Amino acid sequence: PNCPAEELVALYHACLPLNPACKVLNEARRGAMRARWRQFFVAGKYATLEEGLAWWTKLLQHAATSKFLTGQAAPRPGRAPWVADIDFLFSPSGIVGLIEGKYHEEAA
């Protein structure tokens, strides 16, 4: 199925309401979303639009449980807390880290 970029942005906002809002859905963001959508479609995580949206909902809900990704982790001295934005979560390394549990305390 084609990548539903607008729906993915809506899911991001619904699951991570305190993270930075995606105010501009430009071609760079659409491209990153298309690449990740295709990556996990090809990997067999979903076969339909509905299955894909359900899979991404669960993944973004999982991201919302991370203190690190939501800016609730203790920052380094002299620095503000870091918060994941939509660009990070749809980046190749960001999505792999999320799936592998890198950003959750219990994985440490």
Side-chain angles (χ1 to χ4, degrees):
N2 289 330
C3 174
E6 292 83 4
E7 289 93 335
L8 292 175
V9 171
L11 288 175
Y12 165 79
H13 288 147
C15 296
L16 296 147
L18 300 179
N19 285 49
C22 174
K23 297 178 181 178
V24 177
L25 183 53
N26 58 23
E27 189 51 40
R29 286 180 170 160
R30 286 180 185 276
M33 289 178 184
R34 268 193 309 271
R36 300 295 78 71
W37 179 266
R38 187 175 304 121
Q39 175 184 355
F40 294 106
F41 171 77
V42 170
K45 299 296 183 185
Y46 42 86
T48 66
L49 175 66
E50 294 77 19
E51 290 174 0
L53 291 173
W55 188 85
W56 280 96
T57 298
K58 289 173 78 172
L59 190 64
L60 292 172
Q61 288 172 339
H62 180 60
T65 67
S66 167
K67 289 182 180 181
F68 177 71
L69 295 175
T70 58
Q72 299 171 32
R76 292 185 177 165
R79 303 191 95 167
W82 183 83
V83 181
D85 60 13
I86 200 164
D87 298 315
F88 177 81
L89 291 172
F90 282 88
S91 71
S93 60
I95 198 75
V96 168
L98 175 59
I99 290 169
E100 292 181 347
K102 181 178 178 180
Y103 309 119
H104 289 76
E105 291 176 340
E106 61 273 11

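In this text the structure is predicted, and so the values were computed from the model without any measurement.
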Would a distance-only check, ignoring hydrogens and angles, find a side-chain to backbone donor-acceptor pair under 3.5 Å from His13 to Ala21?
no
Taking all heavy atoms of [X] and all of [Y], pick out the closest pair and write down the distance.
X: Thr70; Y: Ala63; answer: CG2-O, 4.0 Å
X: Ser91; Y: Gly94; answer: OG-N, 3.0 Å
X: His104; Y: His62; answer: NE2-O, 2.9 Å
X: Leu16; Y: Ala64; answer: CD2-CA, 3.4 Å
X: Ala5; Y: Leu25; answer: CB-CD2, 4.0 Å
X: Lys23; Y: Arg29; answer: N-NH1, 4.3 Å

Whether Tyr103 and Phe68 hold their rings parallel, tilted or perpendicular, with breakpoints at 30° and 60°
parallel
Is it the case that atom CG in Asn2 sees more than 12 heavy atoms from other parts of the structure closer than 6.0 Å?
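No, the 6.0 Å shell around CG holds no more than 12 heavy atoms from other groups.
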So, applying side-chain contact (heavy atoms from CB on, under 4.5 Å) with Leu60, which one of Ile86, Asn19, Leu8, Leu89 is it?
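Single pass found, and it is Leu89.
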Would Trp37 and Phe90 count as a close aromatic pair, with their ring centres under 6.0 Å?
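Here the rings of Phe90 and Trp37 have centres that are no less than 6.0 Å from each other.
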With a 6.0 Å cut-off on the ring centroids, do Trp82 and Phe88 count as close?
yes
Mind checking whether Glu6 and Met33 have side chains closer than 4.5 Å, heavy atoms only?
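The answer is no; the side chains never approach within 4.5 Å.
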Heavy-atom check, side chain of Leu53 versus side chain of Pro4, under 4.5 Å
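In contact.
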Would you compute the distance between atom [atom1] of [X] and atom [atom2] of [Y] and round it to the nearest 0.5 angstrom?
X: Glu51; Y: Trp56; atom1: CD; atom2: CH2; value: 15.0 Å
X: Cys22; Y: Asp87; atom1: SG; atom2: CG; value: 7.0 Å
X: Arg36; Y: Leu59; atom1: CZ; atom2: CG; value: 12.0 Å
X: Lys102; Y: Ser66; atom1: NZ; atom2: OG; value: 11.5 Å

[Y] reachable from [X] in the ILVMFWY side-chain graph, under 4.5 Å edges:
X: Val83; Y: Leu18; value: no
X: Val24; Y: Tyr12; value: no
X: Leu11; Y: Val9; value: yes

Determine, stepwise, if the pair Arg34 / Glu27 fulfils side chain to side chain contact (heavy atoms under 4.5 Å, CB included).
CA-CA 10 Å; Arg34 268 193 309 271; Glu27 189 51 40; 2.4 Å; yes
Please assess Ile95 against Phe40 for the test side chain to side chain contact (heavy atoms under 4.5 Å, CB included), listing each intermediate value before the final yes or no.
CA-CA 11 Å; Ile95 198 75; Phe40 294 106; 3.8 Å; yes
